[in-house]
Amino acid sequence: MSGTLYVIGTPIGNLEDMTLRQLRILQEVDFIAAEDTRVTRKLLSHYDVHTPMVSYHDHSGQLVTQQLLQRIAAGETCGIVTDAGMPCISDPGEILVRLCKEQGIPVTAVPGPSAAITALAISGQETGRFTFEGFLSVTKKQRQAHLQELKTERRTMIFYEAPHKLVRTLTDFADYFGKTRSLSICRELTKLHEEVWKTTIAEALQRYETQPPKGEFVLIVAGAPEQTETDTVTMETALQQVQERLKTGERLTDACKAVAAETGYRKQTLYQAYQNQTEKTK
């Protein structure tokens, strides 16, 4: 008979957020699969838990996944944890859960905090409908394609970001969502220096261009406002906006990118339309 995979939440900052059930399961399982054993060891030591651990992270590979799966299938119980919060959300544990489900191995949740939901709850943004977008790709083309898909997203959007990439991400937000879009920056949640700042993308960018970001960030971005027929910008008006930006010295590609973010037209569409217009007036 197979064992069970326990998906165990852990604190996102404050160690007092452990539950009695989490502690009991961590003590009872045969082994713990941890994203970073050094981080998890601090948590276990704090609560005097001595269950054996194995490392399981983004770079573990298929072999390690199969080894864990075989141990559980053979009857061992495993508790999977991430460095902070609920595992298997934007996390390699997702693969192990899927394989266990495919093989009929029981998977049980031992819930704990989630940085995404915690941030959303105290962000001051709309919470009725939302979409979790995780970390943006470090590859420019993939990141831009991702944001392009979200330009007209009406639901509140949740992103994770590391401090050293925050300014770049805010710059991309300004290009694709517009500088006046509402944004809540949630930093160091449940920790001593917790901060939740509801602002605009422009104000956030201005602050962090001069003040180095510190801590882990959850970014809650308001969804796109509903457009009425009177809000719809015609191509003629959009090209006029491109022309006005060119007069200030902006490059054509930058002008088209900025107007695309404000109007909903694709940058390439504006670029080509402007080129065609210019050819006709020659």
Side-chain angles (χ1 to χ4, degrees), residues 90 116 119-120 123-127 129-187 197-210 213 216-228 231-246 248-275:
S90 194
L120 177 65
S123 67
Q125 304 290 351
E126 294 288 336
T127 63
R129 299 180 68 219
F130 59 90
T131 172
F132 175 67
E133 300 299 327
F135 287 96
L136 289 170
S137 173
V138 295
T139 304
K140 184 177 181 180
K141 187 175 181 180
Q142 292 178 351
R143 189 170 67 251
Q144 290 178 336
H146 188 168
L147 291 172
Q148 180 65 37
E149 290 179 357
L150 296 173
K151 282 184 65 172
T152 57
E153 175 59 65
R154 297 278 309 284
R155 295 169 294 182
T156 302
M157 295 170 282
I158 306 174
F159 297 87
Y160 287 161
E161 196 49 278
H164 66 282
K165 295 189 291 184
L166 181 66
V167 171
R168 182 186 66 183
T169 294
L170 292 175
T171 301
D172 287 341
F173 283 178
D175 289 339
Y176 285 89
F177 303 144
K179 295 181 178 180
T180 60
R181 183 76 67 90
S182 181
L183 163 73
S184 294
I185 293 188
C186 306
R187 185 178 71 87
W197 179 34
K198 187 177 182 183
T199 182
T200 64
I201 291 173
E203 289 176 346
L205 188 55
Q206 183 178 18
R207 171 179 175 178
Y208 287 110
E209 281 179 333
T210 57
E216 297 300 316
F217 289 81
V218 183
L219 308 176
I220 313 292
V221 184
E226 183 176 5
Q227 282 195 333
T228 64
D231 292 331
T232 304
V233 177
T234 64
M235 176 60 75
E236 182 181 2
T237 300
L239 292 177
Q240 288 175 354
Q241 292 178 16
V242 171
Q243 182 64 47
E244 290 300 316
R245 286 179 171 274
L246 292 176
T248 66
E250 280 193 37
R251 297 185 307 164
L252 178 57
T253 53
D254 293 335
C256 290
K257 185 177 181 180
V259 174
E262 295 172 0
T263 63
Y265 287 105
R266 294 182 66 241
K267 182 184 77 170
Q268 190 58 38
T269 301
L270 289 173
Y271 185 92
Q272 192 60 55
Y274 184 83
Q275 294 281 47

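We number each residue from 1, following the sequence as shown.
For Gln268, there are no side-chain hydrogen bond (donor to acceptor under 3.5 Å, both in side chains) partners two or more places apart in sequence or in a different chain. For the side-chain hydrogen bond (donor to acceptor under 3.5 Å, both in side chains) test, no residue two or more places apart in sequence or in another chain qualifies with Thr127. Under the side-chain hydrogen bond (donor to acceptor under 3.5 Å, both in side chains) criterion, Ser137 pairs with Gln142, not counting sequence neighbours. Under the ring-ring contact (aromatic ring centres under 6.0 Å, His included) criterion, Phe173 pairs with Phe159, Phe177, sequence neighbours left out. Residues meeting the salt bridge (charged side-chain N to carboxylate O under 4.0 Å, His left out) test with Arg266, sequence neighbours left out: none. Residues passing the salt bridge (charged side-chain N to carboxylate O under 4.0 Å, His left out) test with Arg129: none are found, sequence neighbours excluded. Shown here are the salt bridge (charged side-chain N to carboxylate O under 4.0 Å, His left out) partners of Arg245, two or more places apart in sequence or in another chain: Glu250, Glu262. Every side-chain hydrogen bond (donor to acceptor under 3.5 Å, both in side chains) that Ser184 has, sequence neighbours left out, goes to Gln125. For the side-chain contact (heavy atoms from CB on, under 4.5 Å) test, residues two or more places apart in sequence or in another chain that qualify with Ala260 are Lys151, Lys267, Leu270. In this view, Tyr208 and Phe217 satisfy the ring-ring contact (aromatic ring centres under 6.0 Å, His included) rule, not counting sequence neighbours.
Atom CD of Gln148 sits in a crowded spot, with more than 12 heavy atoms from other residues, nucleotides or ligands closer than 6.0 Å. No more than 12 heavy atoms of other residues, nucleotides or ligands shown are found within 6.0 angstrom of CD on Glu126.
The salt bridge (charged side-chain N to carboxylate O under 4.0 Å, His left out) pairs that include a residue from residues 138-147 are Arg143-Asp172, where partners are two or more places apart or lie in different chains. Pairs passing the salt bridge (charged side-chain N to carboxylate O under 4.0 Å, His left out) check and including a residue from residues 157-171, sequence neighbours excluded, read Glu161-Lys165.
With rounding to the nearest 0.5 angstrom, the CD1 atom of Ile185 is 5.5 Å from the CH2 atom of Trp197. Once rounded to the nearest 0.5 Å, the distance linking CG of Leu170 with NZ of Lys179 reads 12.5 Å. The distance from the CE atom of Met157 to the CZ atom of Phe132 is 13.5 Å, given to the nearest 0.5 Å. To the nearest 0.5 Å, atoms CD (Gln144) and OG1 (Thr139) are separated by 11.0 Å. To the nearest 0.5 Å, the span separating CG on Leu246 from CD on Gln243 amounts to 5.5 Å.
Judged by distance alone, the side chain of Tyr271 and the main-chain N or O of Cys256 form no donor-acceptor pair under 3.5 Å. Panel note: side chain Lys198, backbone Gly124; a donor-acceptor pair is recorded below 3.5 Å. Between the side chain of Arg181 and the main chain of Ala222, a donor-acceptor pair closer than 3.5 Å is present.
Using a 4.5 Å heavy-atom cutoff, the side chains of Leu183 and Thr200 are not in contact. At a threshold of 4.5 Å between non-hydrogen side-chain atoms, the residues Val221 and Thr156 do not count as touching.
Using a 4.0 Å cut-off between charged side-chain N and carboxylate O, Asp254 and Lys257 make no salt bridge.
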*Please report the C-alpha distance between Leu136 and Leu147 in whole Å, then the side-chain angles of each, then the deciding distance to 0.1 Å, and finally whether the side chain to side chain contact (heavy atoms under 4.5 Å, CB included) criterion is met.*
CA-CA 9 Å; Leu136 289 170; Leu147 291 172; 4.1 Å; yes

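Here the closest non-hydrogen pair linking Ala116 and Val218 is CA-CG1, 4.4 Å. For the residue pair Ile201 and Gly178, the shortest heavy atom distance occurs at CD1-O, 3.5 Å. Of all heavy-atom pairs between Val259 and Ala238, the closest is CG1-O, 3.6 Å.
Between the side chains of Glu133 and Tyr160, no donor-acceptor pair is found at a separation under 3.5 Å.
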